[in-house]
Student: 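Let me begin by handing over the structure; questions about it come next.
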Amino acid sequence: MEILYIELHIWITVALVLGMFICLLRSRIPTEIVFLSVMALLVIFGCIDGKEAISSFGDSSVVIIGCLFFVIAGLDATGVLHWTVKHLLGTPRSTTHAISKLMFPVAILSAFLSNTTVVALFVKVVKIWAKRLKTAPSKLLIPLSYAAGMGGVCTLIGTPPNLIIHEFYHNETGDTLSIFATTIPGLFCLVIGVTAIILLQRLLPSRKTPEERLMEDDQSMITEITVPKYSHLELQTLNDLNLLAECKNSKLIGIIHYDGEVEQVTPESNLDNIFVMGGDKFIFTGLPIEILAFAKRYNMECHSNIDNTELKQGKRTLLSTAILLVMVLLSAFNVIPLLNSCFIAAMLMLITRCCKISDAKKSINWDVLMVFACSIAIGKAIDSTGLAAMLANATSGFCGNNAVMAFIIICTTGTFLTEFISNTACGAIMAPIALHIAQAMGANPLTFCIGLMISVSSSFATPIGSPTHLLVYVPGGYRFSDFVRIGLPMNFIILAANIFITMLVFPL
């Protein structure tokens, strides 16, 4: 009877995880709601203890991510990130030169900072570069996103899946990894990846950006305003906003909807038939001051193509940089645990006023923390129900005593599974399975963990595989097939590089 009860929990877990995949792929339900619902159902059906599920929200890896939001806010507020973008890149001579000068600095920054923050900062720079080079921004925006993903795996704090996989590894073995545990294989894959992009640059598409499509007959200054998510303006029409009366000296020329669809607005357009949704971007020409006033009135974000808000660098710029370096060094040399060093860095950012408390609160992405914590709970359920052990035994039976084949299967599964779900979820689902396989075969669990960390962040072939891909998808004017065309070769190239370097540095 007990065996049947255990098997029932396994199949319930399988059904819920598959349901989660379907919801993430086929529905527009927010990701955090999907993860929270799956975690709740796992608790309700007894697949995981309620206390254990809730404890995931206080997990050290979740707290580390929360502290890093404060650190990044301090770096941003003191102008460190903007200074880096302005002075680190220089002026490229050609598209090939631009790709290399772009990808390496972005990767280095992404090793210590949020990938999405870095990509968001560089999107504007890439557009300026493209104009100077007389090339399409789409030639550079995909390399930008790829570089952020590959750079993130170079340190333990570079991307959330690394921390999740490390947490499972620590719970299983009792060992704690250095912040630079993934640096050598990560850098190797980065160099291979940048080289591959340069050699395959003919596969990079040349697309008109949504703004260019709207501005073909109008070369005036562009000002963009974005409708926030969950805004009170959602489902109102353009006529309800009374745009013509409030922006007399400016002209709305189009809307880039939240899903990337471009809708042109002309004098003949029926404003009662154009509805506003959260994430929509209005494209104006005309007086930025007038448009800014309109944006403030409706609590929208305003972005002009002329940046008059240059952040001043000073003592706090150097101070916040020093705080980041101290945080990294304290953890790298095992002076104190990573969690403690992140706590100290976040506290110093607030005490030294590198980051205001109000800015720190705004910097916290609660959706990311929610997904992160729920992913850990789902991973624990996969482990505690016996599903991970069952899959590990099946893999062991297929591979026999061949640990190399099992390692290749884990890396390949991680690489292609992460194309359809977030790398955080992929890491949480695959980590307990990989550890059980290593244990069953008597192989080195560290090899499996490092290989998995790189695999789940090697999403290249679909725009839904990474948040950074979605950040560049609309600005680049891309189609889904653009990512597939260059992404599939990149998947196989980085997969081969990952398997080779990981087994070389961390023998099985």
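Residues take their numbers from the sequence shown, with the count starting at 1. Since this is a predicted model, take the numbers as computed values, not measurements.
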Student: Does Leu488 have any side chain to side chain contact (heavy atoms under 4.5 Å, CB included) partners at least two apart in sequence or in another chain, and if so, which?
Tutor: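 Only Phe416, Ala461, Val484, Asn491 meet the side chain to side chain contact (heavy atoms under 4.5 Å, CB included) criterion with Leu488.
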
Student: Surrounding CD1 of Ile198 (heavy atoms of other residues, nucleotides or ligands, distance under 6.0 Å), is the total greater than 12?
Tutor: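 Yes, because the 6.0 Å sphere around CD1 of Ile198 holds more than 12 heavy atoms from other groups.
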
Student: Determine whether a donor-acceptor pair (N or O, by modelled atom type, separation under 3.5 Å) exists between the side chain of Thr183 and the backbone of Thr155.
Tutor: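 A pair under 3.5 Å: no.
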
Student: Of the non-hydrogen atoms in Phe35 and Cys374, which two are nearest, and what is the gap between them?
Tutor: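 In terms of heavy atoms, the two residues are closest at CB-CB, 3.7 Å.
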
Student: For the OG1 atom of Thr418 and the CZ atom of Phe460, what is their distance to the nearest 0.5 Å?
Tutor: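 Those atoms lie 10.0 Å apart.
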
Student: Atom CG in Leu495, atom OG1 in Thr412: separation rounded to 0.5 Å?
Tutor: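 Taking CG in Leu495 and OG1 in Thr412, the distance rounds to 4.5 Å.
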
Student: Quick check: closest heavy atoms across Ser100 and Pro105, and the distance to 0.1 Å?
Tutor: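 Nearest heavy atoms, Ser100 then Pro105: O-CD, 4.2 Å.
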
Student: I want to check something: taking the side chain as every heavy atom from C-beta on, are Ile99 and Leu140 in contact at a cut-off of under 4.5 Å?
Tutor: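 Answer yes - side chains close enough.
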
Student: Any chance you could measure Ile323, atom CD1, to Cys355, atom SG, to the nearest 0.5 Å?
Tutor: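 Reported value, rounded in 0.5 Å steps: 10.0 Å.
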
Student: Apply side-chain contact (heavy atoms from CB on, under 4.5 Å) to residues Leu200 and Ile493 and explain how you reach the verdict.
Tutor: CA-CA 11 Å; Leu200 297 173; Ile493 290 169; 4.1 Å; yes

Student: Can you check side-chain contact (heavy atoms from CB on, under 4.5 Å) on Leu144 and Val106, steps first, answer last?
Tutor: CA-CA 7 Å; Leu144 166 65; Val106 166; 3.6 Å; yes

Student: Just wondering, do Cys189 and Val153 contact through their side chains at under 4.5 Å, heavy atoms?
Tutor: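 When only atoms from C-beta onward are counted, Cys189 and Val153 do not touch, as no gap falls below 4.5 Å.
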
Student: Shortest non-hydrogen contact from Phe168 to Ala431?
Tutor: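 Closest heavy-atom pair between Phe168 and Ala431: CD1-CB, 3.8 Å.
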
Student: Determine yes or no for a side-chain-to-main-chain donor-acceptor pair under 3.5 angstrom, with Thr502 supplying the side chain and Ile499 the backbone.
Tutor: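 No, the answer is negative, given that no donor and acceptor are paired below the 3.5 Å cut-off.
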
Student: Can you list the residues that meet the side chain to side chain contact (heavy atoms under 4.5 Å, CB included) rule with Cys154, with sequence neighbours excluded?
Tutor: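 Partners of Cys154 by the side chain to side chain contact (heavy atoms under 4.5 Å, CB included) criterion, ordered by chain and then number, come out as Ala111, Leu187.
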
Student: Considering only heavy atoms from C-beta outward, does the side chain of Met103 approach that of Leu190 to under 4.5 Å?
Tutor: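 No. Closest side-chain heavy atoms not under 4.5 Å.
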
Student: Locate the shortest heavy-atom distance separating Asn498 from Ser455; write the atom from each residue and the value.
Tutor: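 Residues Asn498 and Ser455, closest heavy atoms: ND2-OG, 3.0 Å.
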
Student: Find the distance between CE (Met430) and CD1 (Ile410) and round it off to the nearest 0.5 Å.
Tutor: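 One gets 4.0 Å once the value is rounded to the nearest 0.5 Å.
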
Student: Write down the atom of Ala77, the atom of Cys354, and the distance for their closest heavy-atom approach.
Tutor: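 Heavy atoms only, the tightest pair is CB-O, 3.5 Å.
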
Student: Quick one: does any side-chain atom of Arg316 pair with a main-chain N or O of Gly74 as donor and acceptor, under 3.5 Å?
Tutor: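 No, because the side chain of Arg316 does not come within donor-acceptor range (under 3.5 Å) of the backbone of Gly74.
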
Student: Walk me through it: do Met349 and Ser320 pass the test side-chain contact (heavy atoms from CB on, under 4.5 Å)?
Tutor: CA-CA 7 Å; Met349 285 292 185; Ser320 61; 3.8 Å; yes

Student: Quick one, Leu156 and Met453 - any side-chain contact, counting heavy atoms below 4.5 Å?
Tutor: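 Of all side-chain heavy-atom pairs linking Met453 with Leu156, at least one is under 4.5 Å.
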
Student: Under the side chain to side chain contact (heavy atoms under 4.5 Å, CB included) rule, collect the residues that match up with Leu446, sequence neighbours excluded.
Tutor: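 For Leu446, the residues satisfying side chain to side chain contact (heavy atoms under 4.5 Å, CB included) (neighbours in sequence not counted) are Tyr169, Leu177, Asn444, Ile450, Phe506.
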
Student: For a 4.5 angstrom cut-off between non-hydrogen side-chain atoms, does Ile486 reach Tyr146?
Tutor: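 Sidechains of Tyr146 and Ile486: in contact.
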
Student: Could you state the interatomic distance from NZ (Lys139) to CZ (Arg202), rounded to the nearest 0.5 Å?
Tutor: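 Answer for the NZ-CZ pair, Lys139 versus Arg202, is 9.5 Å.
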
Student: Is there a side-chain contact between Met327 and Ile344, using heavy atoms and a 4.5 Å cut-off?
Tutor: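 No, side chains not in contact.
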
Student: For residues Ile501 and Leu504, determine if any side-chain heavy atom of one lies less than 4.5 Å from a side-chain heavy atom of the other.
Tutor: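 Sidechains of Leu504 and Ile501: in contact.
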
Student: Begin from the C-alpha positions of Val63 and Phe343 and carry the test side-chain contact (heavy atoms from CB on, under 4.5 Å) through to its verdict.
Tutor: CA-CA 9 Å; Val63 178; Phe343 263 130; 3.5 Å; yes

Student: Over all heavy atoms of both residues, which pair between Leu452 and Gly427 is shortest? Give the atoms and the distance, please.
Tutor: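 For Leu452 versus Gly427, the nearest heavy atoms are CD2-O, 4.5 Å.
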
Student: If you define the side chain from C-beta out and look only at heavy atoms, does anything of Thr176 sit under 4.5 Å from Pro337?
Tutor: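 They are not in side-chain contact.
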
Student: Roughly how far, to the nearest 0.5 Å, is NZ of Lys315 from OG1 of Thr352?
Tutor: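 So the gap between those two atoms works out to 13.5 Å.
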
